[in-house]
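Here's the structure, in structure tokens; my notes come after.
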Amino acid sequence: MAISTESSPNVEGGRLLPIPKQIPWWILILAAAGLLILLFVTTSASYQETFGFLWSGVIRTLELTLVAYAVALFFGLVGGLGRISKNPIIYTLSTLYVEVIRGVPLLVVLIYIAFVFAPAASEFLHSNGEALNLPLLDDLGVFFRDDFMRGVLGLAIGYGAYLSEVYRAGIESIPPGQMEAARSLGMSYAQAMRYVILPQAVRIILPPLGNDFIAMLKDSSLVSAIGALPVNAELTLRGRMYSASTFKSFETWNSVAILYLIMSLGLSVVVRSIERRWSIPK
Amino acid sequence: MADPIIQIENIHKHFGKVHALRGVSTSVRRGEVLVIIGPSGSGKSTLLRCINALEPVDAGQVIVDGIPVTGAHKNINAVRAEVGIVFQQFNLFPHLTVLQNLTLAQRVIRKRKVEESERIARALLVKVGILEKESAYPAQLSGGQQQRVAIARALAMNPKIMLFDEPTSALDPEMIKEVLDTMLLLAQEGMTMVVVSHEMGFARAAANRIIFMDEGMIIEETTPEDLFTHPREERTKQFLSKILH
């Protein structure tokens with residue numbers, strides 16, 4: 001219930017401490033926590049050492065998320081267009097993709113891509129590259145043997161399925177008159193999509209796209225399960241390595257959690273500013 | 001009829017079990033203004049939308065300026081670039097400014113340079129009387145202004161024919177005149193126009209011919225003056241008595 005402190009003195013009197021709503025308390029609490037961490041890092045050698053070890057993981061996590069999300073945006077667009085396609089083959093294939101991937105836990109998708117699909121694809125490219133005398137094919141197989149790329153592929157395929165549904169919902173939310181207007185000006189379906197429907201749909205789905213961006217940043221921690229070379233390890237795997245070798249669980253996981261939080265909050269600020277910049281003037 | 005630019009021969013259209021058009025035939029000559037009236041569900045909008053293949057027909061043929069819209073040799077995108085349409089709900093592109101609404105298809109379809117497309121767009125905005133709104137977005141305009149932009153957007157493609165699908169039905173009463181005036185101007189310039197509308201004033205002032213449709217068929221086809229003063233069919237009389245107060 002909304003209570004105005006000015007107009008209802010009775011309620012105000014009944015409350016020990018009226019909490020003003022306009023102050024964003026959560027930001028203050030976060031700021032206080034941030035100061036505390038800053039204090040730790042600058043004064044405690046143990047935390048400095050922990051952050052130093054985790055830092056490459058932060059970079060890797062950001063790289064992993066940015067690359068995988070870019071690819072997922074593409075997969076999602078293709079999947080979403082497929083889901084509204086009138087071509088039964090395209091529709092069936094994209095629906096199969098979405099339903100299968102959505103029905104399997106992301107962790108299992110990641111493990112499956114890393115240990116079943118990627119080795120098979122690599123082997124396929126290798127043997128065919130040799131048989132056809134096409135070294136380029138074999139070179140492509142490197143892509144599937146690289147531990148960073150396997151993580152990218154798993155995340156992108158998983159999130160591509162989620163984003164397909166986001167795109168589909170966005171496209172379907174555009175009134176059919178828009179497609180009619182574009183087509184009646186002589187545009188093809190593809191031109192109408194590109195110039196009229198998608199620019200509007202993307203603006204509408206920016207909040208869920210941003211949401212999934214931040215969710216992917218956090219889910220990139222699942223990539224730790226498929227392992228990687230220490231230099232390629234993302235933040236969570238880096239944390240596991242550090243806590244296993246030093247037994248400093250407390251410092252490690254405090255730091256890991258804080259680093260994820262800082263990254264998420266940073267991204268959500270970025271997402272919000274993009275939303276504001278892209279909004280259509282009313 | 002001399003020099004028909006639109007030929008419609010015995011077209012049929014079904015929506016599920018509804019037989020929306022039952023063998024409609026007519027033609028429109030170059031420079032003619034044809035008004036179609038009829039009760040809701042009579043098939044008048046469907047007929048209009050068959051001319052630029054927004055509704056594919058089930059049977060019969062439509063030929064626009066020599067280009068078949070139906071059958072095996074149809075060339076729908078070619079026809080659509082020659083036929084402008086103005087919708088009841090305007091359907092402006094809300095993410096683009098007024099100027100961009102007018103230049104998009106010019107650049108994508110007509111392959112015009114930016115400067116050329118903007119010059120043409122501005123000339124049309126002057127014509128419909130809203131040049132000062134070129135940087136505004138559709139949501140910032142009144143209904144009447146939006147519809148005039150929609151007319152200008154269609155004209156920017158240099159269409160040979162303009163279709164109007166109840167262009168004033170979604171407008172507040174005080175905005176209807178500005179849109180009708182723009183349409184009258186077009187008619188005076190000799191544009192071929194097919195207009196689905198119940199604006200009798202416009203029909204009297206601009207139409208060469210008027211069609212009354214009911215239940216997917218053409219019931220009467222004559223001049224506006226003749227139809228309003230001497231309707232022959234009982235259904236026409238009933239309909240006119242409801243809309244002429």
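We use all heavy atoms of the structure for the numbers below, so side chains are in, but hydrogens, waters and symmetry mates are not. Lettering follows sequence order; numbering is per chain, from 1. Remember, predicted model here, so these are calculated numbers, not experimental data.
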Looking only at non-hydrogen atoms, find the nearest pair between A/Gln200 and B/Pro94 and report the distance. OE1-CG, 3.1 Å
Tell me, side chain or backbone of B/Ile76 under 4.5 Å from chain A's heavy atoms, or both, or neither? neither
With side chains defined as the heavy atoms from C-beta onward, is the minimum distance between B/Phe87 and A/Ser184 less than 4.5 Å? yes
Which bit of B/Val83 is near chain A, if near means a heavy-atom gap under 4.5 Å: side chain, backbone, both or neither? backbone
Take atom CZ of A/Phe74 as the centre, draw a 6.0 Å sphere, and report whether it contains more than 12 heavy atoms from other residues, nucleotides or ligands. no
For A/Leu28, does the CG atom have more than 12 heavy-atom neighbours from other residues, nucleotides or ligands under 6.0 Å away? yes
Taking atom OG1 of B/Thr97 and atom CD1 of A/Ile280, what is their separation to the nearest 0.5 Å? 11.5 Å
Checking the side chain of B/His95 only, and the main-chain atoms of A/Tyr195 only, is there a donor and an acceptor separated by less than 3.5 Å? yes
Nearest atoms (heavy-atom pairs only) where A/Gln191 meets B/Ile109: OE1-CD1, 3.5 Å
For A/Phe143, is the CZ atom crowded, meaning more than 12 foreign heavy atoms sit under 6.0 Å from it? yes
Any idea which of B/Glu82, B/Gln89, B/Arg153 has the most non-hydrogen atom pairs under 4.5 angstrom with chain A? B/Arg153
Least distance between heavy atoms, A/Ala181 atom then B/Phe93 atom: CB-CE2, 4.0 Å
Output the option from B/Asn52, B/Val108, B/Ile85 having the highest count of non-hydrogen pairs under 4.5 Å with chain A. B/Val108
Might you point out which heavy atoms bring B/Met157 and A/Leu185 nearest each other, and give the distance in Å? CE-O, 3.3 Å
Pick one of side chain, backbone, both or neither for A/Glu180, based on which atoms fall under 4.5 Å of a heavy atom in chain B. both
Note: vs chain A, highest number of non-hydrogen pairs under 4.5 angstrom among B/Arg110, B/Gln106, B/Arg49 is B/Arg49
At a 4.5 Å cut-off on heavy atoms, which part of A/Ser279 comes close to chain B: side chain, backbone, both, or neither? neither
